[in-house]
*Asks:* 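For reference, the structure I am asking about is given below.
Since the model is a prediction, treat every value here as computed from it, not as a measurement. Count residues from 1 along the sequence.
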Amino acid sequence: VVLLDGRRTIVRAHLQSATGSVIQGAKVTLTGKRTDGAPLTVSQLAPVNPTLNVLANAYRQMAFEFELPNDWPHGTLDLQLTSATNKINCKEPADSFCIWDAGTQSRTPFCTNTGSVANDCSARVLFASAAVPTIHLINVAWYDTAGKIHQPTAGEVLEVMREFEATLPAANINWEWVNEFVLMPTQPRTDDDFIAINNKIAITRAGNGCGPNCHDYYFGILGHDLPDLTTTGATVGRAVAIPSDIASAYTTGAMLTPTHEFGHAAGRPHTYCNHKEGDPGFYPYGGALIGGPDPQQYLSENSLTTFWGLDTRSSPLVHIDPRTSDVMGYCAYNWPSDYTFDLIRQEFLNRFAKASTTVAHDKALSSGPRASTAIPQLLIAGRINIAAGTGSIDSITPITSADTGTSSGGPYTIRMEDANSKAISTWSFTANPNPESPAQADFILLVPKTTGATQISLLQNGRSEEHTSELQSLRH
């Protein structure tokens with residue numbers, strides 16, 4: 001599994017008795033040394049569980065755990081396990097420190113422990129670079145039939161933050177809890193409801209000055225008041241597209257729905273698990289499991305090459321069974337696989353390397369005088385039925401923003417027209433299928449407002465999908 005520079009890192013040393021009898025009070029030490037010669041604050045660590053009674057047939061359950069100090073998980077590090085009280089005969093895997101490389105579609109070593117490995121209780125590990133994503137959290141509130149308003153509590157927002165910190169490939173996350181909320185008239189439970197939520201979040205995002213050149217994520221949080229999932233078509237989350245800037249979800253505890261929807265925003269398609277996922281992507285392991293090529297061997301010595309998850313939200317830490325499903329599938333009780341984890345890491349690196357720094361929204365745009373470079377624009381949201389070849393414009397919202405994009409090209413076009421349906425300007429774009437509804441593509445565009453335009457047409461390859469007439473929001 002790829003290790004991240006600066007991220008909280010736990011080393012597990014698994015033991016079992018070679019004699020068949022219980023070893024009482026075994027003690028071990030982990031030694032660390034930077035390959036570049038840089039000194040460490042401490043060079044030897046005691047495990048968080050100082051002693052173990054080691055059994056003969058409990059290999060995976062018998063483990064010392066070491067939490068690396070803050071100055072250890074950087075660059076390349078040599079680790080070695082020793083014991084002053086017990087003789088240790090190490091059996092090291094030939095390929096246990098490798099990650100999946102999406103470019104070559106194969107396992108690529110991320111340290112030197114590949115091929116023929118000396119059984120010397122040591123390993124050289126490399127800590128890979130990781131971006132610092134910026135994630136803005138927005139409360140999503142709704143009214144029930146009695147007129148009571150429901151919105152996430154501070155504890156539920158913190159729950160999502162801790163979930164993301166445990167599951168996303170980042171050592172640090174730049175958080176902002178936006179001090180405003182999206183309000184829905186009834187409890188969200190359909191795709192249309194979540195499309196409306198994401199469109200409202202897009203208005204907030206653009207109003208904060210975060211436009212096409214801003215890479216910040218915006219995520220809408222709904223509390224634990226889940227809709228009846230037995231209701232046909234009940235929906236608990238949705239991302240705009242793969243990838244996208246916006247997603248939203250109910251907090252669902254062990255189901256990790258926020259991570260699932262955020263994974264779509266970070267570029268990941270579904271993992272085929274319970275046969276209900278729409279348009280699943282490639283996944284390297286059978287059964288959508290996180291454990292690697294042969295996770296069923298997790299209780300045998302062959303399990304040296306099996307992957308386990310580690311939930312850092314709890315104390316003591318929770319070890320995630322290798323037979324757990326990948327988080328991008330629909331199976332219950334899931335966790336990110338090493339494959340999903342590293343591809344989201346690469347997406348973060350690509351996304352936040354597009355500018356020297358993340359284009360943070362200009363506070364003046366939302367709370368004070370507009371910047372002198374801000375111009376009138378329109379936030380246009382809609383959807384396209386790919387299978388039927390139809391489309392619609394759901395909302396048009398005037399926005400004043402300094403962040404402007406460019407027409408990206410593609411089969412779809414927004415055409416600004418005068419009262420005689422004559423084109424004044426056009427804006428072409430692509431629309432990616434929505435992961436939860438592959439036959440449909442949601443779109444949210446920030447388009448410069450055109451003087452003289454009174455109506456809009458949505459076209460596909462020059463053919464009109466929808467024609468709006470006399471839109472008040474476009475009149476000058």
Side-chain angles (χ1 to χ4, degrees), residues 100 102 105 159-160 163-164 166-168 188-195 198 219 222 224-244 247-298 306-311 318-344 386-387 432-442:
W100 185 269
Q105 293 290 288
E159 177 185 326
V160 172
E163 177 182 320
F164 282 178
T167 58
L168 296 181
R189 62 175 63 245
T190 68
D191 286 343
D192 285 350
D193 291 335
F194 276 88
I195 290 172
N198 289 341
F219 190 87
L222 295 86
H224 284 303
D225 300 307
L226 290 171
D228 181 4
L229 298 183
T230 63
T231 302
T232 301
T235 301
V236 295
R238 189 179 181 94
V240 172
I242 302 177
S244 61
S248 53
Y250 282 96
T251 55
T252 54
M255 291 174 62
L256 299 184
T257 302
T259 299
H260 176 98
E261 297 303 337
F262 190 91
H264 288 317
R268 301 311 310 139
H270 280 131
T271 298
Y272 191 60
C273 183
N274 75 350
H275 303 185
K276 295 181 181 179
E277 296 86 0
D279 196 22
F282 171 80
Y283 187 72
Y285 312 138
L289 304 181
I290 69 169
D294 194 8
Q296 302 299 338
Q297 296 295 322
Y298 80 111
T306 294
F307 294 102
W308 289 63
L310 187 66
D311 189 345
V318 175
H319 304 112
I320 309 298
D321 192 291
R323 294 169 296 182
T324 301
S325 301
D326 181 64
V327 71
M328 297 313 299
Y330 281 167
C331 293
Y333 304 107
N334 45 46
W335 194 256
S337 63
D338 69 312
Y339 176 75
T340 294
F341 188 83
D342 189 52
L343 287 178
I344 294 178
I386 299 172
N432 296 323
N434 186 277
E436 311 301 344
S437 309
Q440 179 175 301
D442 307 342

*Asks:* Relative to the ring of Phe219, is the ring of Phe262 parallel (under 30°), tilted (30 to 60°) or perpendicular (over 60°)?
*Replies:*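 Plane angle between 30° and 60°, so tilted.
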*Asks:* If we ignore hydrogens and angles and just use 3.5 Å, is the side chain of His260 paired with the main-chain N or O of Val327 as donor and acceptor?
*Replies:*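 Checking the backbone N and O of Val327 against the side chain of His260, a donor-acceptor pair under 3.5 Å is found.
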*Asks:* Between Ser437 and Arg238, is any pair of side-chain heavy atoms under 4.5 Å apart?
*Replies:* yes
*Asks:* Which atom pair, heavy atoms only, marks the closest approach of Gly267 to Pro269?
*Replies:* O-CD, 3.6 Å
*Asks:* Please round to the nearest 0.5 Å and tell me the distance separating atom CD1 of Ile290 and atom OG of Ser325.
*Replies:*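 Going from CD1 on Ile290 over to OG on Ser325, the span is 9.0 Å.
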*Asks:* Counting only N and O atoms by type, is there a donor-acceptor contact under 3.5 Å from the side chain of Thr167 to the main-chain atoms of Glu163?
*Replies:*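 Confirmed, Thr167 side chain pairs with Glu163 backbone.
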*Asks:* How long is the gap from CG on Asp326 to CG on Asn334, to the nearest 0.5 Å?
*Replies:* 7.5 Å
*Asks:* Between Thr259 and Phe164, does the side-chain contact (heavy atoms from CB on, under 4.5 Å) criterion hold? Intermediate values first, please.
*Replies:* CA-CA 6 Å; Thr259 299; Phe164 282 178; 3.9 Å; yes
*Asks:* Judged by atom type as modelled, is there a donor-acceptor pair below 3.5 Å linking the side chain of Thr252 to the main-chain atoms of Thr257?
*Replies:* yes
*Asks:* Could you tell me which residues satisfy salt bridge (charged side-chain N to carboxylate O under 4.0 Å, His left out) with Arg268, sequence neighbours excluded, listed by chain and number?
*Replies:* none
*Asks:* Looking at every non-hydrogen atom in both residues, tell me the closest pair between Pro435 and Ala239 and how far apart they are.
*Replies:* CD-O, 4.4 Å
*Asks:* Got a second to check how far Glu261's CD is from Asn198's CG, nearest 0.5 Å?
*Replies:*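 Answer for the CD-CG pair, Glu261 versus Asn198, is 9.0 Å.
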*Asks:* Given Leu310 and His319, is the side-chain contact (heavy atoms from CB on, under 4.5 Å) satisfied, shown in steps?
*Replies:* CA-CA 5 Å; Leu310 187 66; His319 304 112; 3.3 Å; yes
*Asks:* Can you tell me if Glu436 uses its side chain to pair, donor with acceptor, with the backbone of Asp191 under 3.5 Å?
*Replies:*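 Side chain of Glu436 to backbone of Asp191: no pair is present.
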*Asks:* Yes or no on ring-ring contact (aromatic ring centres under 6.0 Å, His included) for Tyr283 and His270, after CA distance, side-chain angles and deciding distance?
*Replies:* CA-CA 9 Å; Tyr283 187 72; His270 280 131; over 10 Å; no
*Asks:* Just do the side-chain contact (heavy atoms from CB on, under 4.5 Å) check on Phe282 and Tyr339 with the steps written out, would you?
*Replies:* CA-CA 10 Å; Phe282 171 80; Tyr339 176 75; 3.3 Å; yes
*Asks:* Applying side chain to side chain contact (heavy atoms under 4.5 Å, CB included), can you list everything that pairs with Ala166, at least two apart in sequence or on another chain?
*Replies:* Asp311, Thr312, Arg313, Trp335
*Asks:* Rounded to the nearest 0.5 Å, how far does CG of Asn274 lie from OH of Tyr330?
*Replies:* 8.5 Å
*Asks:* Find the distance between CE (Met255) and OH (Tyr333) and round it off to the nearest 0.5 Å.
*Replies:* 9.0 Å
*Asks:* Less than 4.5 Å apart, side chain to side chain, heavy atoms only: is that true for Trp308 and Pro322?
*Replies:* yes
*Asks:* Check whether the side chains of Asp193 and Thr190 place a donor and an acceptor atom closer than 3.5 Å, and report yes or no.
*Replies:*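 Side-chain D/A pair, Asp193 to Thr190: present.
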*Asks:* Using the side chain to side chain contact (heavy atoms under 4.5 Å, CB included) rule, pick out the option among Asn434, Asp442, Asn432 that qualifies with Val240.
*Replies:*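 That would be Asp442; it is the only one of Asn434, Asp442, Asn432 passing the side chain to side chain contact (heavy atoms under 4.5 Å, CB included) with Val240.
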*Asks:* For Pro243 versus Ala266, what's the shortest heavy-atom pair and its separation?
*Replies:* CB-C, 4.4 Å
*Asks:* Report the distance from atom CZ of Phe194 to atom OG1 of Thr235, rounding to the nearest 0.5 Å.
*Replies:* 7.0 Å
